[in-house]
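Single-structure report; data block below.
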Amino acid sequence: MTPGLQRWRSGTDAPLLVLAVGSLPILLLEFARHDLTRADRIFMDAVNLIVLVAFAVDYVVELLLARPRNLYVRSEWTSLLIVLSQAVALVPSMSGFGALRVLRASRAWRSIIVLARLVVIGGAASREGRDILRRHAAGFALGVAGMTWLTSAAAFTLVEDVGKTGRLHSFFDALWWSSTTITTVGYGDVFPVTTAGRLVGVVTMAVGISSFAVITAKVAEFLVRTAREDESAAIDG
């Protein structure tokens, strides 16, 4: 762990963790890829490409900064596996390349991709997750809310009639539903009709209420601490 590598990680570990975990729900949409609109598929491929580029750049930079490099390769294998799994996740967008058409249609192939991402992201989270939680409770709560927002939208897409010929047209309709549900606004223009969809809605509302309560408490704590500091400064002055 060289000083340069420490500085690089201090500025990149948290954003990369958020990017990796936050993109995972989008990968689940691969199971319903054929039913989604072209705009949804482009969005999914763009997210996978962004994650691939971010982690590939991070791995190359860390490899250049690390000493000895062979030890880094052995100890940070999860970082390389994230890059490889993201490259594999882009296979569905390359259906025009001969044999890749078979992989695009294979549910087993998609399941392997999701499982690989779960394993490697779990390894990345165990390295930084607890420290981030301890230092950034409000940020973690906001991250949980964002993760739930995406996951709920993906789950809604899978269990409800969402698709080109479905009751709802697009994944972006599911994102709208997730937004109104997690904030407990609930406009009612988009709603679940299946039991599984309603269970997703219950979890989404519960997480939304809890997460925003933590954020509100942290804001109140900051305001109280600032007021006390001002009072102390006035007394000392």
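Keep in mind that what you see is a predicted model, and the values were worked out from it rather than measured.
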Query raised in the report: Looking only at atom types and distance, does a side-chain atom of Thr183 sit under 3.5 Å from a main-chain N or O of Ser179, one as donor and one as acceptor?
Result: yes
Query raised in the report: Shortest non-hydrogen contact from Leu36 to Arg41?
Result: O-NH1, 2.7 Å
**Report entry** Beyond-backbone contact of Leu63 with Val73, side-chain heavy atoms, under 4.5 angstrom
**Finding:** yes
Report summary line: To the nearest 0.5 Å, atom CG of Leu49 lies from atom CD1 of Ile42 at 12.5 Å
Query - Stepwise side-chain contact (heavy atoms from CB on, under 4.5 Å) test for Thr194 and Phe156 - result: CA-CA 10 Å; Thr194 65; Phe156 188 90; over 6 Å; no
Query raised in the report: Can you tell me if Thr2 uses its side chain to pair, donor with acceptor, with the backbone of Leu65 under 3.5 Å?
Result: yes
Query raised in the report: Just by distance, do the side chain of Asp40 and the backbone of Phe171 share a donor-acceptor pair under 3.5 Å?
Result: yes
Query raised in the report: Do you reckon Leu199 sits in the same ILVMFWY cluster as Val159, going by side-chain contacts under 4.5 Å, direct or chained?
Result: no
Query raised in the report: For Ala66, what residues pass the side chain to side chain contact (heavy atoms under 4.5 Å, CB included) criterion, not counting sequence neighbours?
Result: Leu5, Tyr72
Query - Option from Arg69, Arg7, Arg67, Arg9 for which salt bridge (charged side-chain N to carboxylate O under 4.0 Å, His left out) with Glu62 holds - result: Arg9
Report summary line: Rounded to the nearest 0.5 angstrom, the OG1-CH2 distance for Thr157 and Trp177 is 9.5 Å
Query - Heavy-atom pair with the smallest gap, counting every atom of Ala174 and Ala153 - result: CB-O, 3.4 Å
Query raised in the report: If Ile, Leu, Val, Met, Phe, Trp and Tyr residues are connected whenever their side-chain heavy atoms lie under 4.5 Å apart, and connections chain through other members, are Val162 and Phe191 in the same group?
Result: no
**Report entry** Ile182-Val202 co-clustered via ILVMFWY side chain contacts under 4.5 Å
**Finding:** no
Report task. Step through the shown structure and confirm whether more than 12 heavy atoms of other residues, nucleotides or ligands are within 6.0 Å of CZ on Phe172. Result -> yes
Query raised in the report: Is a donor on one side and an acceptor on the other found under 3.5 Å between the side chain of Asp173 and the backbone of Ser170?
Result: yes
**Report entry** CH2-OG1 distance between Trp149 and Thr204, expressed to the nearest 0.5 angstrom
**Finding:** 12.5 Å
Requested in this report: Starting at OG of Ser210, measure out to CE of Met205 and round the result to the nearest 0.5 Å.
Outcome: 12.0 Å
Query - Sequence neighbours excluded - salt bridge (Lys or Arg N to Asp or Glu O under 4.0 Å) pairs with any residue from residues 151-163 - result: Glu160-Arg167
Query raised in the report: Which pairs with one or both residues in residues 190-206 pass salt bridge (Lys or Arg N to Asp or Glu O under 4.0 Å), sequence neighbours excluded?
Result: none
Query raised in the report: With the 4.5 Å side-chain cut-off for hydrophobic clustering, are Leu168 and Val200 part of the same group?
Result: yes
**Report entry** Cluster overlap Val60 with Val53, hydrophobic side-chain contacts below 4.5 Å
**Finding:** no
Query raised in the report: How many angstroms lie between CZ in Phe43 and CG in Leu29, if you round to the nearest 0.5 Å?
Result: 8.5 Å
Report summary line: Output for pair (Arg74 CZ, Leu80 CG), nearest 0.5 Å, gives 14.5 Å
